Amino acid sequence: MDRGGSAHQPHRILERVQENPKTVSLVLEGSLACSPGQFAMLWLPGIDEKPFSIAGNDPLMFTVSRVGTFSAALQALCPGETLWVRGPFGRGFTLAPGNTLLVGGGYGAAPLAFLAAALRTACPRAKVEAALGARTSVDLLFVRQFDALGVAVQLATEDGTRGSAGLVTEIVASRLATEEFSRVRACGPEAMLEAVAELSRGAGVDAELSFEAYMRCGVGLCGACEHRGRLMCLDGPVLMMAHDGS
Amino acid sequence: MDRGGSAHQPHRILERVQENPKTVSLVLEGSLACSPGQFAMLWLPGIDEKPFSIAGNDPLMFTVSRVGTFSAALQALCPGETLWVRGPFGRGFTLAPGNTLLVGGGYGAAPLAFLAAALRTACPRAKVEAALGARTSVDLLFVRQFDALGVAVQLATEDGTRGSAGLVTEIVASRLATEEFSRVRACGPEAMLEAVAELSRGAGVDAELSFEAYMRCGVGLCGACEHRGRLMCLDGPVLMMAHDGS
Amino acid sequence: MSGEPLQSADMSCRIAGIRLPSPLVLASGIWGTSPGLLERAARSGAGAVTAKTCTPLPRRGHRNPTVVDWGHGLINAMGLPNPGVGEELELLKEASRRLRPLGVALIASISADTAQGFAESAALVARVGPDMIELNVSCPNLGAEHGEMFAASAAAAAEVTARVKAVTSLPCLVKLSPNVHDIAEIARAVVDAGADGITAINTMPGMLIDAESGAAVLANETGGISGPALKPIALRCVHDIASVVNVPIIGTGGVLSGVDAIEMLSAGATAVGVGSAVFYRGEQAFSLIRDELAAWLAGHGCRNLDQIRGRVDWRRQSAVATSLPPVPGWDRGTSG
Amino acid sequence: MSGEPLQSADMSCRIAGIRLPSPLVLASGIWGTSPGLLERAARSGAGAVTAKTCTPLPRRGHRNPTVVDWGHGLINAMGLPNPGVGEELELLKEASRRLRPLGVALIASISADTAQGFAESAALVARVGPDMIELNVSCPNLGAEHGEMFAASAAAAAEVTARVKAVTSLPCLVKLSPNVHDIAEIARAVVDAGADGITAINTMPGMLIDAESGAAVLANETGGISGPALKPIALRCVHDIASVVNVPIIGTGGVLSGVDAIEMLSAGATAVGVGSAVFYRGEQAFSLIRDELAAWLAGHGCRNLDQIRGRVDWRRQSAVATSLPPVPGWDRGTSG
Ligand SMILES: Cc1cc2nc3c(=O)[nH]c(=O)nc-3n(C[C@H](O)[C@H](O)[C@H](O)COP(=O)(O)OP(=O)(O)OC[C@H]3O[C@@H](n4cnc5c(N)ncnc54)[C@H](O)[C@@H]3O)c2cc1C
Ligand SMILES: Cc1cc2nc3c(=O)[nH]c(=O)nc-3n(C[C@H](O)[C@H](O)[C@H](O)COP(=O)(O)OP(=O)(O)OC[C@H]3O[C@@H](n4cnc5c(N)ncnc54)[C@H](O)[C@@H]3O)c2cc1C
Ligand SMILES: Cc1cc2nc3c(=O)[nH]c(=O)nc-3n(C[C@H](O)[C@H](O)[C@H](O)COP(=O)(O)O)c2cc1C
Ligand SMILES: Cc1cc2nc3c(=O)[nH]c(=O)nc-3n(C[C@H](O)[C@H](O)[C@H](O)COP(=O)(O)O)c2cc1C
Ligand code: FES
Ligand code: FES
């Protein structure tokens, strides 16, 4: 019953990796017991505190895309500086055997790379493939990481600068049509998730989708993150499609 | 750093053993991780809370001699009723190899029987002997228990009704004179402890003596139990004679 | 303790004539932001659910961090984010519709910066069907011009109560703060002014500091302590209040388990508020606590909650007979 | 954090002109019942030690149970057992003799049920050589005719302070209770009345109930909460007080580690009271906390405690330059 305190822990930044022009990964000193798909609240004293997917847990890593004030402040951190982490929170992806298609859009690729690594250990015989989408070539993330894990990657860019031209969901449709996959795991913009949900339902595969929401407490109390009746910080951020049809 | 709560735990009384006309042992449901010589605070809601040596820890057992109000209330408890226990507290006896003489007066025999059993397990090759004293034959306690553990027992009663006539300290003097013992462990009235300390010093053996004191908090804060500069609930109740000469 | 549940106890209780099928009450500010979440608490074991406090105008609340678990409790400074009483009416209407078939009571919670503001909100809220209205005169996060001032003064708290009672016939609960010298005095004043019950307690003001940065952890610097650390303060407040007033108390603060609920009832509460437990025990908090409570009552041969309520005081006046199975030891007095 | 102590920091501080070699102060009521125990705390790392509060006449205190660890803190209702001010003089005389060679300050603690009683005890105590006198106007265990009433009223607390200051030139600390609506107001009143420092805080009133028996656990029913659960309340009180007065504060409540001490100093304390830590960390509590504090300071390149004191407020007025190594992140403002 005693969870111990989950108050902010300071972590020194070991490495700052510029993944692409608007995305930076921060590799931190220390680790965090958690599962892929869970998130943590990142705090910069005097600035703000917001949720970020855990992109790796040993060492702890987060991947931040520049959107507004807070993501910019995070990206401005340098090795040796400190980032405060509260978590992990929420429900992550299930690690289940069976061939799995990972579908990532934008920085959604980060938790999926973490998931791919975890699946490699937990279910070594499962075939794991990734389909990643972005607007343009430079926006694609973690392609090398998936390669290094032996995960075949199919790419889609809206402007056709890399991989197939168009949306990642087109890849998903064709991969699911092969009937090789029994599971889909997706993280990315809401529109992409909706499309993936639809395709998974059609193909009758088990899908888990990671959603974003506006978060305050991060621990299931305040109600700020409610999304279609679910608290995304408690019931999510990963929702099982099979059960709720979203 | 987190000790967890040591607040009173209710224990159902399994057995009430009349050890002699003024002494009762209460055998409780449940166990308590502790070492011989440590004590617990026993509470009866609405009556009082006082310290008692732990006479056995699995099942938990206390041996109570009737002195005044509270000990009488404890003795009036019946199997099925509840006793509240807070603890364990204090420093118990060291479990060290080497031939050991146990010296008990009155209900001091109770923690020594617990110690004898623990020594049997921890230091199976050590010779353990017990010298027990009381005013008269019926007051002697736990003789059978020592026997059952294979611990040779020498008895002394002031009126000579059992064992040698006189004080237990006379037995101690003669046993120490054999130079067979390197350790003495004693529990009983203060006068007895003083005499045992003196004899042990003379014989140059390591002695640990369990003292009583008036206790309030039981956890080393309030100062009520101070005895020659030591807090008997924190530094004691078992004091090493070698270091402090008491 | 180890006895098998021979007969299950009646867990219902009554507050101001309203029947609660279970004594567990969802505390305001937890899950109270939508009809769906209120229904969820109701379905998982709450006997009444309290909506998030609403104010006359919408409030965005404070910046993050707003809630932190510091190891022995939570601390929060949400700053009363809410859509304002206007939108709240829709929420209450829908919640009321969903809860009615479940037999679970709905408590609206209102706050304002004047007694008149309380009365206006109460009048609006009363029309959309809640079973009770809770007057949150004790939110510690709003600065001196607001909130806290009412719960800190017997006269101010009484005025709020009287103004609200004048505009509605719905039962009114007044939610008190532990951050006063004598909570019993405030309780007496609001009951004299017409309060039908007391909710005690709101959070206790505190502060966390991050050693590394030297910063206050909450964006608002100070916040309100809830959870385990609050329990002994809440038990003391409930006991103090129960000693001076005769209205039902929703004992709230640090109740995480069935045993905690027994303690709160023993202190004199009629029902038991549950908030932070949702963090400590997860979404099943209500069903877990309800089942533990039921098992405890059955294991101790209790048929209903009246056999538990206020036990601390029965014991003191130990001549008073109780229908509880005698507790070994304590009734022996000092004669031995 | 992981840096090796390059240079050890100066851990001394000053309260009302008295130098403390370490900021750790043994809190009243813990180990303060004999010269030997006071010396023990001094030798193990305290920079000042406070004797147990004494009253004009001897008191036996309450029946047991008097102290209980409830999992997130302690609760106690000792009832101020003490031998009375007459015998206390001997204790203080001997303690003063033993502490002088160690350079550790001795704080006498007194309580009484009238302002005049405080003044009489202060006059007696002042003759036997303590470095300071602490006025315990906040003990919560004595019923309404005594103690608590002073700390609950700005006027009463100020009167006690003024009466004592009139009879002695020794520095006077006033020990405040968290169980008031506005502790800063009380602090301002006693400082206006001449207090040379504030000790904050005493314990927070609470109650434990034993579910099994339905009895209050403490023989006195209610008691004072100390230890971990008290820390955020203490930090908030110290910060509130530091915002309105300019005298040193002995920040007391839930300090168990060097990091806790850093937090208390950051809130605005000049020195740090240590009480329940003796339970949580054993007899080496003082040396452990002192060494952790020293390591933290050295690891963060701090040369003295001034670099830590009140950091929370420096941060708020973030234009103020500090000599601390810049804390990464927070000084970026919102332009990022
Ligand atoms: C569970 C969860 C996991 C998350 N994981 C990550 C993660 O791994 N990496 C990551 O970078 N972020 C992640 N986020 C988002 C992150 O929490 C912030 O919301 C994000 O960094 C934006 O914050 P900001 O202060 O920089 O921008 P804001 O100040 O919030 O936004 C600035 C402006 O950008 C606009 N804006 C905000 N969001 C978007 C958007 N998505 N698209 C277009 N415009 C937008 C706003 O309208 C606003 O005007 C996650 C969120 C959740 C709930
Ligand atoms: C560490 C420790 C361990 C202890 N272990 C045990 C134990 O295992 N078993 C056990 O029975 N007790 C033990 N005691 C003693 C126990 O705590 C009580 O003090 C004892 O039971 C007497 O309490 P009472 O309320 O019955 O008598 P009280 O009401 O305290 O005493 C009644 C009367 O008896 C007199 N009296 C008190 N003590 C004695 C005495 N020793 N000899 C003669 N007269 C006395 C008093 O003067 C008083 O007038 C231990 C005490 C300590 C400190
Ligand atoms: C995140 C959070 C938000 C809260 N919001 C409100 C609120 O809006 N109105 C209110 O009266 N109490 C509010 N409270 C106080 C709770 O209703 C409750 O009184 C307090 O948390 C103590 O109970 P607990 O220990 O069970 O959480 C809030 C508490 C928390 C933790
Ligand atoms: C057992 C005990 C006895 C106490 N006795 C006194 C006392 O006599 N006078 C006093 O001013 N404070 C007394 N206090 C309060 C402490 O001095 C201190 O203010 C409080 O415990 C908070 O600090 P802590 O959390 O470090 O213990 C006592 C506290 C405890 C735990
Ligand atoms: S952020 Fe999800 S409930 Fe508060
Ligand atoms: S009983 Fe030993 S210090 Fe309190």
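Source: prediction; values computed, not measured. Proteins come first, then strands; the chains are lettered A, B, ... in the order of their sequence lines, and each starts at number 1.
The two atoms that bring B:Trp43 and D:Ala216 nearest to each other are CZ2-O, 3.7 Å, heavy atoms only. In plain terms, the two heavy atoms of D:Arg40 and B:Gly229 that are nearest each other are NH1-O, 3.9 Å. Taking every heavy atom of both residues into account, B:Gly220 and D:Trp31 meet most closely at O-NE1, 2.8 Å.
Considering only heavy atoms from C-beta on, B:Trp84 stays 4.5 Å or farther from D:Val217 through its side chain. In this structure, B:Leu221 and D:Leu74 have side chains that are in contact, with non-hydrogen atoms separated by less than 4.5 Å.
To the nearest 0.5 Å, atoms CD (D:Glu212) and NE2 (B:His11) are separated by 11.0 Å. Note that CD of B:Glu226 is 5.5 Å distant from OG1 of D:Thr33, once rounded to the nearest 0.5 Å. Atom CZ of B:Phe70 sits about 9.0 Å away from atom CG of D:Asn64, to the nearest 0.5 Å. For the atom pair CG of D:Asp210 and CD of B:Gln9, the computed distance is 9.0 Å after rounding to the nearest 0.5 Å.
Annotation: D:Arg43, atom CZ; neighbour count of heavy atoms from other residues, nucleotides and ligands within 6.0 Å does not exceed 12. Under a cut-off of 6.0 angstrom, the local environment of CD in B:Glu190 is crowded, with over 12 non-hydrogen atoms contributed by other residues, nucleotides or ligands.
Interface remark: B:Met215 contributes backbone atoms only to the contact with chain D (heavy atom separation under 4.5 Å). For chain B, no part of D:Pro228 is nearby; none of its heavy atoms comes within less than 4.5 Å. Only the side chain of B:Leu234 comes within contact range of chain D, with heavy atoms under 4.5 Å apart. For B:Arg216, the parts lying under 4.5 angstrom from a heavy atom of chain D are both the backbone and the side chain.
B:Arg91 and D:Glu283 are joined by a salt bridge, as a carboxylate oxygen and a charged side-chain nitrogen come within less than 4.0 angstrom of each other.
Within the 3.5 Å criterion, the main-chain N or O of B:Glu49 finds no donor-acceptor partner in the side chain of D:Arg63.
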